[in-house]
Amino acid sequence: MTGEKKKKRGLYILLPAIPAVGLIAFLLWHGQVGHETGKTEKKDTLTWYVDYSWFNGNYPDSLVYKEIEKRTGVRILFETPTESNDSTLNSMISSRDLPDLVTVAPNTEEYSRLLSEKRLFPLNTLADLYDTAFYDVTDPDIRKYYTSGDDNIYGYPNAAYTPKDFSSHDNIASNVVFLVRKDIYEAIGSPDMTTQKGFHAAVRKAAETFPTVDGEPLIPIGGRPFLDTSSPSFDEYLQDFLAVPYEKDGQFYDRNTDPEYLSWLRLFRQMNEEGLIAPDIFVNDQVEINENITKGRYFCMFYQRTDLVDQELARFVNDPDSVYIAIDGPQNSAGDPYVLPTNGMAGWTVTSVTRDCSNPRAAIRLMDFLMSEEGQKLCYLGVEGETYVMENGKPVLKQEVRDMMRTDRMTYNSTICADYNFWMLMDLPVQLSMKQEAEAPIAQMEEWTYPYAAYTGYYDINLPENSRVGKNYLKLKVLWADTLKQLMIADSDSDFDRILSDYMEKRQTFGYEEVLNEETRQIQANKKK
């Protein structure tokens with residue numbers, strides 16, 4: 001970073017907590033205030049830190065990048081963690097040398113620091129000063145949700161839904177699916193897998209009929225990795241299929257000890273004893289899981305449909321009958337419909353303008369453009385005439401672009417770079433009106449979830465990692481993740497009972513009641529919002 005850049009940033013950290021009136025005067029003094037609209041002749045380069053090491057978004061020669069620069073006058077330079085996510089951003093905060101914009105998960109210690117140390121500009125103040133379009137391109141309910149105690153909003157989320165979106169759209173999808181390998185499932189008679197008896201019989205028959213696939217052992221049941229703090233396939237996703245509630249009588253409900261759910265865990269224990277649960281699922285990381293999906297080694301999986309798109313398309317090209325399809329999975333004993341989660345008003349991540357920003361005016365105008373319908377269309381589809389055409393009033397991607405997306409993603413990113421590369425501010429409800437018809441076999445997985453997708457945003461809990469309750473919450477997650485694995489591999493039902501009893505006792509030492517009370521408080525607050 002140049003000395004000039006540091007000097008510019010320094011202007012905005014001298015007074016980290018100036019009131020709104022003082023802030024306006026301060027910015028006027030530095031010549032930052034202006035309300036003119038239109039394209040900017042001068043090009044500004046803004047650094048945008050995205051707190052995920054896997055993100056690789058710098059494609060400056062791509063169509064979308066150039067178009068954003070043309071329409072906003074802003075060149076974007078993305079930065080990502082060089083070490084672990086938390087250490088990189090924490091170092092930036094401590095050195096008082098933040099990038100112009102940051103995108104980070106809202107429940108992290110780093111975001112809490114940014115707020116508590118007053119290192120972020122209020123977006124509403126920047127909007128009032130520079131570009132009131134902010135109020136047109138953002139949702140008032142989401143703004144209210146993210147408005148803090150001082151009546152300011154310091155970050156805006158991506159991928160957020162509000163309850164009203166579910167009444168106006170019938171094509172909102174959940175990411176949670178129960179998948180089976182199509183050819184194996186059909187070969188064993190397409191059995192009902194909603195009951196414990198039917199599920200058990202289907203997995204057993206698949207393992208007996210297809211002990212190997214392409215020379216490698218079949219893995220009867222699969223899912224996401226077992227991590228230190230979570231095993232979502234075998235707790236959250238299974239609980240979603242069993243319609244285990246998030247609350248009862250106004251109190252946060254402990255889904256992990258729900259009787260219906262524990263009954264299915266006992267079945268998995270029995271299936272493990274019979275050799276129907278491969279040891280691989282407890283040790284495989286995401287790379288190994290991806291390889292197994294590509295090879296088609298799983299018979300069934302509790303999974304996220306968007307996490308296997310590349311592997312699914314590859315399998316479809318080689319053998320359309322060998323893909324994974326979504327079917328009705330485990331169901332509770334009452335036969336209740338599945339309750340599959342979607343994003344709520346909290347969204348996934350939040351994007352903010354830091355007080356070290358070299359040009360707050362350019363930053364808020366960039367955000368406003370990207371959040372506008374025009375910006376969403378550009379970032380999702382590209383440029384009209386070059387990547388898509390309008391047919392009967394709807395945008396339709398050119399076939400050659402669809403083919404490139406499917407077969408040569410690296411070339412697509414470097415030359416076009418639409419289709420969620422700018423996910424940091426994607427507006428899913430807006431993009432529903434531009435949505436392209438999904439191709440087989442991706443469409444089947446997505447459309448299967450439509451009837452079961454539910455608004456679960458009331459249960460988005462934010463427990464900052466640096467708080468006492470947040471630290472206890474993390475300890476409880478680690479305890480449960482280990483307990484879940486032990487329950488599934490328990491030697492007997494009595495051993496299962498002992499492990500569960502030990503868990504119930506140990507969690508009390510980690511502030512379980514305090515965490516439960518805070519979760520209940522946040523649910524009630526979310527509903528009011």
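Residue D228 places its CG atom among 12 or fewer non-hydrogen atoms of other residues, nucleotides or ligands, all under 6.0 Å distant. Around CG of D170, the count of heavy atoms belonging to other residues, nucleotides or ligands within 6.0 Å does not exceed 12. By the 6.0 Å contact criterion, CE on M410 is open, its count of non-hydrogen atoms from other residues, nucleotides or ligands being 12 or less. The 12-atom threshold is exceeded at CD of E439, counting heavy atoms of other residues, nucleotides or ligands nearer than 6.0 Å. Counted within 6.0 Å of CD on E437, heavy atoms from surrounding residues, nucleotides or ligands total 12 or fewer; the atom is thus considered open.
Between P106 and Y111 the shortest heavy-atom distance is O-CD2, 3.5 Å. Residues I153 and R143 approach most closely at CD1-CA, 3.9 Å, considering heavy atoms. Nearest heavy atom pair, residue L46 against residue A362, reads CD1-C, 3.9 Å. Counting all heavy atoms, side chain and backbone alike, Y146 lies closest to M345 at CE1-O, 3.5 Å. Closest approach of Y49 to P99, counting heavy atoms only: CB-CG, 3.3 Å. Contact record, Y59 with C417: CD1-SG, 3.5 Å, taken as the closest heavy-atom pair.
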(request) Apply side chain to side chain contact (heavy atoms under 4.5 Å, CB included) to R113 and S94, showing your working. (result) CA-CA 10 Å; R113 277 193 69 188; S94 297; 3.4 Å; yes
(request) Walk me through it: do W423 and T349 pass the test side chain to side chain contact (heavy atoms under 4.5 Å, CB included)? (result) CA-CA 9 Å; W423 52 263; T349 62; 3.8 Å; yes
(request) Could you please spell out the steps behind the side chain to side chain contact (heavy atoms under 4.5 Å, CB included) verdict for I281 and I221? (result) CA-CA 8 Å; I281 70 169; I221 306 174; 5.6 Å; no
(request) For D403 and R406, run salt bridge (Lys or Arg N to Asp or Glu O under 4.0 Å): C-alpha distance rounded to whole Å, both residues' side-chain angles, the deciding distance at 0.1 Å, then the answer. (result) CA-CA 5 Å; D403 292 342; R406 186 174 66 251; 3.1 Å; yes
(message) Under the criterion ring-ring contact (aromatic ring centres under 6.0 Å, His included), I'd like the reasoning laid out for F55 against F78: C-alpha separation, chi angles, the key distance, then a yes or no.
(response) CA-CA 9 Å; F55 176 64; F78 282 115; 5.1 Å; yes
(request) Before giving the answer on salt bridge (Lys or Arg N to Asp or Glu O under 4.0 Å), spell out for D139 and K164 the whole-Å C-alpha distance, their side-chain angles and the decisive distance to 0.1 Å. (result) CA-CA 11 Å; D139 187 286; K164 66 177 182 288; 2.8 Å; yes
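Tested against I93, the residues L98, T354, D356 include a single side chain to side chain contact (heavy atoms under 4.5 Å, CB included) partner, L98.
Evaluation of the ring pair (Phe, Tyr, Trp, His ring centres under 6.0 Å) rule for Y380 yields Y420 as partners, not counting sequence neighbours. In this view, Y246 and Y459 satisfy the ring pair (Phe, Tyr, Trp, His ring centres under 6.0 Å) rule, not counting sequence neighbours.
Looking at T88, its side chain does come within 3.5 Å of a backbone N or O of T82 through a donor-acceptor pair. In this structure a side-chain-to-backbone donor-acceptor pair under 3.5 Å is present from Q444 to A326. Using a distance-only test at 3.5 Å, with no hydrogens or angles considered, no donor-acceptor pair links the side chain of R181 to the main chain of C300. With hydrogens and angles disregarded, no donor-acceptor distance shorter than 3.5 Å links the side chain of T125 to the backbone of F121. Looking only at distances, a side-chain donor or acceptor of N318 sits under 3.5 Å from a matching main-chain atom of A314. At least one donor-acceptor pair closer than 3.5 Å links the side chain of Q376 to the backbone N or O of L370. Listed for the T449 side chain is a donor-acceptor partner under 3.5 Å among the backbone atoms of E446. For S230 (side chain) and F226 (main-chain N/O), no donor-acceptor pair under 3.5 Å exists by modelled atom type. Looking only at distances, a side-chain donor or acceptor of S233 sits under 3.5 Å from a matching main-chain atom of F302. Checking side-chain atoms of D100 against main-chain N and O of S358 turns up a donor-acceptor pair under 3.5 Å.
The aromatic rings of F422 and Y65 sit tilted, their planes meeting at an angle between 30° and 60°. The aromatic rings of Y458 and Y455 sit perpendicular to each other, their planes meeting at more than 60°, with 30° as the lower class boundary. Using bins of under 30°, 30° to 60° and over 60° for the plane-to-plane angle, the ring pair W348/Y52 lands in the tilted bin.
Side-chain contact check for V350 versus V102: every heavy-atom pair is 4.5 Å or farther apart. Between K377 and Y388, some side-chain heavy-atom pair lies under the 4.5 Å cut-off. Between E291 and R297, the closest side-chain pair of non-hydrogen atoms is not below 4.5 Å. At least one side-chain heavy atom of L218 sits less than 4.5 Å from a side-chain heavy atom of I184. Side-chain atoms of Y237 and V177, non-hydrogen and from C-beta on, never get closer than 4.5 Å to each other. Between T411 and M404 the shortest side-chain heavy-atom distance falls below 4.5 Å.
A donor and an acceptor atom, one from each side chain of T103 and T351, are located under 3.5 Å apart. Side-chain polar atoms of D165 and T162 form a donor-acceptor pair below 3.5 angstrom. Under 3.5 Å, the side chains of N290 and Q286 contain a donor-acceptor pair of N or O atoms. D150 and S148 are linked by a side-chain donor-acceptor pair at a separation below 3.5 angstrom, with hydrogens and angles left out of the test. Counting only N and O atoms by type, the side chains of Q522 and N526 include no donor and acceptor under 3.5 Å apart.
Ion pairing between D419 and R409 holds under the 4.0 Å rule for side-chain N and carboxylate O.
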